[in-house]
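As C-alpha cells, the structure follows; a few thoughts come after it.
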There are 2 protein chains.
Amino acid sequence: MRAQRRNSREKILAAAADVARESGPGSLSLDAVASRAGVSKGGLLYNFPTKAKLMQGLVEGYLRDFEQALETANSNDDGKNPLAVYIRLSADDCEEKRPSASWIFSAIAEDPDFMTPIKTFKRQLFERLKGETSDLKSLLVCYLAIEGLRSMNLFDSDVLSKDERELLVASLLEIASSPDAHQASGTQS
Amino acid sequence: MRAQRRNSREKILAAAADVARESGPGSLSLDAVASRAGVSKGGLLYNFPTKAKLMQGLVEGYLRDFEQALETANSNDDGKNPLAVYIRLSADDCEEKRPSASWIFSAIAEDPDFMTPIKTFKRQLFERLKGETSDLKSLLVCYLAIEGLRSMNLFDSDVLSKDERELLVASLLEIASSPDAHQASGTQS
DNA sequence: TTTACTGTACCGTCTGGACGGTCTTGTCAA
DNA sequence: TTGACAAGACCGTCCAGACGGTACAGTAAA
C-alpha cells in the first residue's frame, strides 16, 4: 500500500490544483497538499523539495499540456486555420465549469515571477498566430476575446449564458475565417 | 505630525494597493501596509478592524471609482453609444503601465468571496450593456475583448504593441457602432 | 542495496489581531 | 476665558498560531 512508486508527482500536482480550487488559493499549504494527495509531508518534500518547486511543477505541467493539446488539435485540422483551431480549443477549455488553473493565484501570491514562463509562452503563441493569420485586425479581436473568455473562466465569473457563449464562439470563428470584412451585420447566424 | 485625521482611510487604501503591486500580492501584510501608509499598525486596525475589512474597502473603492468614471464618461458622450463609451474607458484604464488592481490577487488569496461584489457588478454592467446595444454579436465580441485587455493588464503580460492596441480599439469601436439602429426601442429605463 | 517513500519531532519566522496607553479635539458649565 | 471631561484617532507591544522547512529513523518494494 505504501510505496506508490513513480506517479506520486502527478498525484501531488493534481492534489495541489484541487486544494487551490476548493480551499481557496490562499490555503494552499504543504500540509494540505500532502494530506490531499495521500502522501506524507516528508514524501511531498521528497518529490518537491520546496514550495516553489511545487509551483514550478504546476506551471510546467500546465504549459506542457496546453502545448500538446494545441499541437494535436492543429495536426487534426491541418493547415487550414490555426487561429480557428486556437479559438475552438480555448472555448472548449473554458467550457469546463471548474477553473482548470486557479492554482495560478496561489503561484502569483507566492511569487509573481512564476508568471514569467506563462507570459513568454503566451507571447510566443501570439507571435506564431500573427505569422499564420492574414488579417491582423481579426487576430487581435479574436485573440483578445479568447483571452477574455479565459479570464472569466479563471475568475469563475461567467457572465454569459450557454447560448451567448456559443454565439460568441461562432462570431469569433466567423471573424477568424473571413479576412477583411468582419462587419457581420447582414448575414444571419 | 501624528494626527492625520480623516483621510487616513484613503491613504491606507492607496498604500495597500501600492504594496500589493510592488511587493507582490502575497506580501500584503498589515505591517507592510501600515508602514507604507505612514501609520502605525494600531492606527491601521483602528480604521480597518480586520484584514478582511481592508480588502472590502479596496473592493468597494474600486467599484465606486469605476462606476463613477463610467457615469461621467456616459454623460459626456450622452446617449450615443454606451458600448463605445465602455470600450474607450476600459482601453484608457488598461493603457496604464501599472496594473491598477493587482491587489485583487491578494483579496482572492485571502478569501475568494471577495470577488462576489465584483462579479455581480460585472454581471449588472453586462446586462445593462445588453439592454443598450442593438447587436448582441457585436456586444459579445467587444465585451469579451475588453475583458481580455483587462486580464492582460492585470497579469501585467501585455503582448500587444502600442500600434496593435490602437488598432484593436479602433476595430472594436468599429464593431460597436453597428449599422442597424432599429431595435433600440425604449432604451431608457 | 538502492529507491521511494512514511511518520514524527522540531525550529525559526511571520502574521493577524488583541490590548492598554497616549495625544488631540470638541463641548460645556462656571 | 478657562478648566474638566468625553470621545475620537492613533501608537507600541505582545502573543498564539500557522507555515515552510529540516532532520532522522524506519520500511517495503525493485
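Values in this document were obtained by computation on a predicted structure and should not be read as measured data. In the text below, chain A, chain B and the rest are named by the order of the sequence lines, each starting its count at 1.
- Between C:dT6, C:dG16, D:dG20, one nucleotide has an atom nearer to the side chain of B:Asp31 than all others, and that is C:dG16.
- Between A:Tyr143 and A:Phe126, the ring-plane angle classifies as tilted under the 30° and 60° cut-offs.
- Using a 4.0 Å cut-off between a side-chain N of Lys or Arg and a carboxylate O of Asp or Glu, B:Arg98 and B:Asp156 do not qualify as a salt bridge.
- Between A:Phe121 and A:Tyr62, the ring center distance fails the sub-6.0 Å criterion.
- A salt bridge links A:Lys162 and A:Glu166; the closest N-O separation between the charged side-chain nitrogens and carboxylate oxygens is under 4.0 Å.
- Residue A:Leu54 is out of contact with every strand shown, counting any heavy-atom pair closer than 4.0 Å.
- Rounded to whole Å, the distance from CG on A:Asp111 to P on D:dC19 is 20 Å.
- Here the C1' atom of nucleotide C:dC5 and the CD1 atom of A:Ile12 are 10 Å apart, to the nearest Å.
- When distances are taken from the side chain of A:Ser29 to each of D:dG20, D:dT22, C:dT15, the shortest belongs to D:dG20.
- Regarding B:Leu45, its CG atom lies at a distance of 14 Å from the P atom of D:dG12, rounded to whole Å.
- Residue contacts for B:Leu28: at a heavy-atom cut-off of 4.0 Å it reaches the sugar-phosphate backbone alone, with no base atom in range.
- Rounded to an integer number of Å, the gap from A:Lys51 NZ to D:dA18 C1' is 11 Å.
- Rounded to whole Å, atom C1' of D:dC19 lies 10 Å from atom CD of A:Glu110.
- Following rounding to the nearest Å, B:Lys11 (NZ) and D:dC10 (C1') show an atom-to-atom distance of 12 Å.
- Using modelled atom types, one finds no donor on one side chain facing an acceptor on the other under 3.5 Å when comparing B:Ser151 with A:Arg150.
- Phosphate contact (OP1/OP2 of C:dA4, side-chain N/O of A:Asn47, threshold under 4.0 Å): absent.
- Among D:dC11, C:dT6, D:dG20, the nucleotide with an atom closest to any side-chain atom of A:Ser40 is C:dT6.
- For D:dA9, the OP1/OP2 oxygens have a side-chain nitrogen or oxygen of B:Tyr46 closer than 4.0 Å.
- Between D:dA9 and B:Ser8, no contact under 4.0 Å exists linking OP1 or OP2 to a side-chain N or O.
- Counting distance only, with no hydrogens placed and no angle test, the side-chain atoms of A:Lys41 and the base atoms of D:dG21 include a donor-acceptor pair under 3.5 Å.
- When the P atom of C:dG16 is taken as reference, atom CE of B:Met55 falls 8 Å away, rounded to whole Å.
- Between the P atom of D:dT22 and the NZ atom of A:Lys53 lies a distance of 12 Å, rounded to the nearest Å.
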